[in-house]
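Remarks on the structure that follows.
Computed from a prediction, not measured in an experiment: that's the story for all the values here. Note: hydrogens, waters and symmetry copies are ignored here, and every other heavy atom, side chains too, is used.
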Amino acid sequence: QVQLVESGGGLVQAGGSLRLSCAASGRMFSYYDMGWFRLAPGKEREFVATISTRGESTIYADSVKGRFTISRDNAKNRVYLQMNSLDPEDTAIYYCAGDSRMRWGSLQYEYWGQGTQVTVSL
C-alpha cells in the first residue's frame with residue numbers, strides 16, 4: 001500500500017504558476033501509474049493528468065493541455081504538476097492518485113492523497 005501527500009497549493013493570481021508535489025511512501029512507487037485530479041465547488045471530480053510508471057507516457061485533460069505538465073522522479077518517490085497560465089476556473093482541491101494494477105489509460109486509481117487547495121484570483 002502507498003500513502004500519498006500533496007503539497008504546493010496556495011493562492012495565485014490569474015496568469016500565474018504553481019507547482020504541486022505529491023510524495024509517496026513505500027518502495028514500489030516506480031510501479032505505480034500516477035495521476036492528478038481536481039474537485040471544484042459544485043462540480044464533479046475531474047481528471048487532470050496522468051503519467052506512466054517510468055514517465056514515458058502522459059495524458060492530459062483538454063482543459064489543461066498546453067498549460068499543465070505532469071512529471072515524476074522515481075528516485076525521490078514524487079510526482080509533480082507544473083501549472084502555468086492559471087485561470088480562476090482552475091480553482092479546486094487537487095488530488096494525487098496512484099495505481100499499481102497496470103491498467104494504463106483506465107484513469108482508475110487505488111490510492112488517493114488528501115488534496116491541496118489551489119485558488120486562482122482575478
Would you say S63 and E89 are linked by a side-chain donor-acceptor pair, where the criterion is simply a distance under 3.5 Å?
no
Residue pairs meeting side chain to side chain donor-acceptor pair (under 3.5 Å), one or both in residues 24-34, sequence neighbours left out, come to none
Are any of the side-chain heavy atoms of S17 and V12 separated by less than 4.5 Å?
no
Mind checking whether Y60 and V48 sit in one hydrophobic cluster, side chains of I, L, V, M, F, W, Y counted as touching below 4.5 Å?
yes
Any chain of hydrophobic side-chain contacts (each under 4.5 Å) joining L81 to F47?
no
More than 12 heavy atoms of other residues, nucleotides or ligands under 6.0 Å from CD of Q117: yes or no?
yes
Within one Ile-Leu-Val-Met-Phe-Trp-Tyr cluster: F37 and L18, side-chain cutoff 4.5 Å:
no
Following the transitive rule for hydrophobic clusters with a side-chain heavy-atom cut-off under 4.5 Å over Ile, Leu, Val, Met, Phe, Trp and Tyr, establish whether V118 and W112 coincide in one cluster.
no
Within 45° cone and under 6.0 Å: R72 NZ/CZ vs F29 ring
yes
Go through the structure and list residues passing side-chain contact (heavy atoms from CB on, under 4.5 Å) with E44, not counting sequence neighbours.
none
Is the closest side-chain heavy-atom distance between T50 and L107 below 4.5 Å?
yes
Check whether any side-chain N or O of E6 sits under 3.5 Å from a backbone N or O of C96 as a donor-acceptor pair, and report yes or no.
yes
For D99, give me all partners under side-chain contact (heavy atoms from CB on, under 4.5 Å), at least two apart in sequence or on another chain.
R101, Y109, E110
Electrostatic pair D90:R67 at N-O distance under 4.0 angstrom
yes
Any link between L20 and Y95 through a network of hydrophobic side chains (Ile, Leu, Val, Met, Phe, Trp, Tyr) touching at under 4.5 Å?
no
Side chains of R78 and S21 only: does a donor on one sit below 3.5 Å from an acceptor on the other?
yes
For P88 and A14, which heavy atoms make the closest approach, and how far apart are they?
CD-CB, 4.0 Å
Look at the rings of Y94 and F68 and say which category their plane angle falls in: under 30° parallel, 30 to 60° tilted, over 60° perpendicular.
tilted
Indicate the atoms forming the closest heavy-atom contact of I70 with V79, along with that distance.
CG1-CG2, 4.0 Å
Is it true that a side-chain atom of N77 and a backbone atom of G26 form a donor plus acceptor pair closer than 3.5 Å?
yes
Looking at L4 and A24, what are the two nearest heavy atoms and their distance?
CD2-CB, 3.6 Å
M28 and V2, any side-chain heavy atoms less than 4.5 Å apart
no
